[in-house]
Amino acid sequence: NAGVTQTPKFRVLKTGQSMTLLCAQDMNHEYMYWYRQDPGMGLRLIHYSVGEGTTAKGEVPDGYNVSRLKKQNFLLGLESAAPSQTSVYFCASSSTLRAYRHQPQHFGDGTRLSIL
Amino acid sequence: DAKTTQPTSMDCAEGRAANLPCNHSTISGNEYVYWYRQIHSQGPQYIIHGLKNNETNEMASLIITEDRKSSTLILPHATLRDTAVYYCITTDMEYGNKLVFGAGTILRVKS
């Protein structure tokens, strides 16, 4: 059971380049999330999705776009990468069962992104 | 901003209980207390959560004070593999089940 898989694991970009980070989950979860983590800090929510075709802004959405065309995938895009976006990016997913609302988030292993 | 306050770091001897405190004095009535941990820059891992009753699972116990303004995560027999950053998070799990992470507590388990 793979859980939450992030692709790629590492990437180095030049300022101004674009790229897409892919998150895939095989748990049939409705909710998916993208976070970033800078050194010595906790995770900060970038964008999230409560279902296929829907996305919403989190705490630090500027400079990023997302798409959720399929339930199992959540894509994070950087249109014009900046050095300030150097970070570790984590994807997570969770279920929302109406009989038991409080479901934990399951995290991937992260994508380490450096922008020069 | 995170709505919890945790010590920056703690040490614990291997085999002893690790007690990690968390203050959440502004918690509202419908907010749960969640604990996650992050081992060596891996993705965070869920540990336990509770509303007002004490909770126990195979990983840990969660003790919430009667006024709900603070809680303690207890790892009963800490091992070296429990060395991690521990995050205490309060959330009402409304639309999107969003979490707000603070800096957490660095727990160092020493032999």
Side-chain angles (χ1 to χ4, degrees), chain A residues 2-6 9-10 23 25 27 29-51 54-61 66 68 74 87-98 100-113, chain B residues 1-9 20 22 24 27 29-53 55 57-60 62 64 73 84-107:
Chain A
V4 178
T5 303
Q6 294 184 230
K9 293 187 179 353
F10 304 94
C23 177
Q25 53 94 3
M27 296 172 282
H29 285 168
E30 292 82 2
Y31 293 173
M32 296 188 74
Y33 313 83
W34 275 108
Y35 295 87
R36 62 176 287 175
Q37 185 174 33
D38 299 318
M41 297 179 64
L43 282 71
R44 291 183 293 170
L45 183 65
I46 304 172
H47 286 280
Y48 65 101
S49 169
V50 299
T54 68
T55 63
K57 294 180 180 179
E59 181 185 0
V60 287
V66 289
R68 183 114 181 258
F74 195 28
S87 191
V88 181
Y89 291 85
F90 288 101
C91 176
S93 70
S94 72
S95 174
T96 174
L97 300 178
R98 295 191 183 280
Y100 180 49
R101 294 182 61 201
H102 296 266
Q103 297 295 311
Q105 293 186 15
H106 300 261
F107 286 80
D109 290 333
T111 294
R112 282 145 185 82
L113 182 61
Chain B
D1 292 337
K3 297 179 288 184
T4 63
T5 303
Q6 300 177 250
T8 301
S9 64
L20 290 86
C22 179
H24 32 80
I27 192 170
N30 61 341
E31 286 187 304
Y32 280 63
V33 179
Y34 271 75
W35 284 84
Y36 284 78
R37 73 180 182 183
Q38 187 174 25
I39 298 174
H40 197 244
S41 297
Q42 297 175 13
Q45 175 190 24
Y46 165 78
I47 302 173
I48 198 168
H49 73 276
L51 181 62
K52 54 183 178 181
N53 298 320
E55 302 287 346
N57 63 19
E58 65 278 4
M59 291 183 66
L62 174 60
I64 302 174
L73 178 74
V85 179
Y86 287 76
Y87 298 101
C88 170
I89 300 167
T90 59
T91 176
D92 57 13
M93 299 298 274
E94 289 299 327
Y95 185 79
N97 290 1
K98 299 184 295 297
L99 302 174
V100 178
F101 287 81
T105 295
I106 301 170
L107 175 68

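Throughout, protein chains are lettered first and strands after them, A, B, ... in sequence-line order, and every chain is numbered starting at 1.
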Fill in: From A:Q105 atom CD to B:Q45 atom CD, the distance as rounded to the nearest 0.5 Å
14.0 Å
Worksheet item: With a 4.5 Å limit on heavy-atom distance, are the side chains of B:P44 and A:Y35 in contact?
Response: no
Item to complete: Check whether any side-chain heavy atom of A:F107 sits under 4.5 Å from a side-chain heavy atom of B:Y36, and report yes or no.
Response: yes
Discussion item. Is there a side-chain contact between B:Q38 and A:F90 in this structure, where contact means two heavy atoms from C-beta onward sitting under 4.5 Å apart?
Written reply: yes
Discussion item. Once rounded to the nearest 0.5 Å, what's the spacing between atom CZ of A:R44 and atom CG of B:L99?
Written reply: 16.0 Å
Discussion item. Which heavy atom of A:L43 sits nearest to which heavy atom of B:Y87, and what is that distance?
Written reply: CD1-OH, 4.4 Å
Worksheet item: Tell me, side chain or backbone of A:V50 under 4.5 Å from chain B's heavy atoms, or both, or neither?
Response: side chain
Fill in: Test log, rule side-chain contact (heavy atoms from CB on, under 4.5 Å), inputs A:Y48 and B:K98
CA-CA 8 Å; A:Y48 65 101; B:K98 299 184 295 297; 3.3 Å; yes
Practice prompt. Using side-chain hydrogen bond (donor to acceptor under 3.5 Å, both in side chains) as the criterion, list what pairs up with B:H24, not counting sequence neighbours.
Written response: B:S71
Fill in: For A:P104 against B:Y34, the heavy-atom pair lying closest together
CA-CE2, 4.4 Å
Discussion item. Applying salt bridge (charged side-chain N to carboxylate O under 4.0 Å, His left out) as the test, list every pair that has at least one member in residues 32-51 of chain B; sequence neighbours left out.
Written reply: B:R37-B:D82
Worksheet entry | Heavy-atom contact with chain B under 4.5 Å, split by part of A:L45 | side chain
